[in-house]
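Have a look at the structure below before the remarks.
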Number of protein chains: 2
Amino acid sequence: MSSPLFVLATIIAKPNHARQVSDAIQLVLAPSRQEEGCYRYDLLQDNSNDHRFVIQEQWQNKAALNAHMQTAHFKALVESIAPLANIDVAELNLLA
Amino acid sequence: MSSPLFVLATIIAKPNHARQVSDAIQLVLAPSRQEEGCYRYDLLQDNSNDHRFVIQEQWQNKAALNAHMQTAHFKALVESIAPLANIDVAELNLLA
């Protein structure tokens, strides 16, 4: 059985776009959490930088994550925030 | 009741020091998880960079985190990996 896959998507909104970015991300939380193999999909905000967000995700495996990235709601999110933010996505495994 | 506090500690080991850094972090996982108010304390490794680690933490509140940072095992960890890695710690709140 493959080990779960963790994703940390760090999204830094451009000046004055924090609210737009946060609102756009919140639209995908519910549909993402209902996807097959989604164990966790939480939106966090940095306490020292209100323009810095992290989506903390946990997926059953890489296939579940790949399916997520093909969904309409994910593609719409990327399209809407790409011009408003710098995005860095890391895929990680649980070491211990 | 205060909302839980999330911490993402990103630790990038200097070249050839990944194993030492990972071993040092693993020493504090068990004692940290047993601390009052510790909900989560997991060590993740980036799939695309084996020198990049993230400790994914969740605490009952800021007081629990502060107490953690005063423990002997945490202080020993910081002392042992400070010369071997670049460390960035973010405190975050759950937005949605």
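Predicted model, so just to flag it, every value in this text is computed and none were measured. Letters go in sequence order (proteins before strands), and every chain restarts at 1.
In the hydrophobic clustering (ILVMFWY side chains linked at under 4.5 Å, chained through shared members), B:Ile12 stands by itself.
For A:Ile25, no part lies near chain B; criterion is any non-hydrogen pair under 4.5 Å. Heavy atoms of B:Leu29 lying under 4.5 Å from chain A belong exclusively to its side chain.
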Mind running side-chain contact (heavy atoms from CB on, under 4.5 Å) on B:Val89 and B:Val7 for me, showing each step along the way? CA-CA 7 Å; B:Val89 180; B:Val7 172; 3.7 Å; yes
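Side-chain contact check for B:Leu44 versus B:Phe53: every heavy-atom pair is 4.5 Å or farther apart. Side-chain contact between B:Ile11 and B:Ile55 is present, with heavy atoms from C-beta onward closer than 4.5 Å. In this structure, the side chains of B:Val54 and A:Leu92 come closer than 4.5 Å at one or more pairs of heavy atoms.
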Hey, what donor-acceptor pairs show up under 3.5 Å between chain A and chain B?
| from | atom 1 | to | atom 2 | distance (Å) |
| --- | --- | --- | --- | --- |
| A:Arg33 | NH2 | B:Ala96 | O | 3.2 |
| A:Leu43 | N | B:Ala96 | O | 3.0 |
| A:Leu43 | O | B:Leu95 | N | 2.7 |
| A:Leu43 | O | B:Ala96 | N | 3.3 |
| A:Gln45 | N | B:Asn93 | O | 2.9 |
| A:Gln45 | O | B:Asn93 | N | 2.9 |
| A:Asn47 | N | B:Glu91 | O | 2.8 |
| A:Asn47 | OD1 | B:Asn93 | N | 3.4 |
| A:Asn47 | OD1 | B:Asn93 | ND2 | 3.0 |
| A:Glu91 | O | B:Asn47 | N | 2.8 |
| A:Asn93 | N | B:Gln45 | O | 2.9 |
| A:Asn93 | N | B:Asn47 | OD1 | 3.4 |
| A:Asn93 | O | B:Gln45 | N | 2.9 |
| A:Asn93 | ND2 | B:Asn47 | OD1 | 3.0 |
| A:Leu95 | N | B:Leu43 | O | 2.7 |
| A:Ala96 | N | B:Leu43 | O | 3.3 |
| A:Ala96 | O | B:Arg33 | NH2 | 3.2 |
| A:Ala96 | O | B:Leu43 | N | 3.0 |

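For chain A, the option among B:Leu8, B:Leu5, B:Leu43 with the highest count of heavy-atom pairs below 4.5 Å is B:Leu43.
By the criterion of side-chain heavy atoms lying less than 4.5 angstrom apart, applied directly or through intervening Ile, Leu, Val, Met, Phe, Trp or Tyr residues, A:Phe6 is not grouped with A:Phe74; the two fall into different hydrophobic clusters.
Here the closest heavy-atom approach between residue B:Ala13 and residue B:Ala85 is recorded as CA-CB, 3.9 Å.
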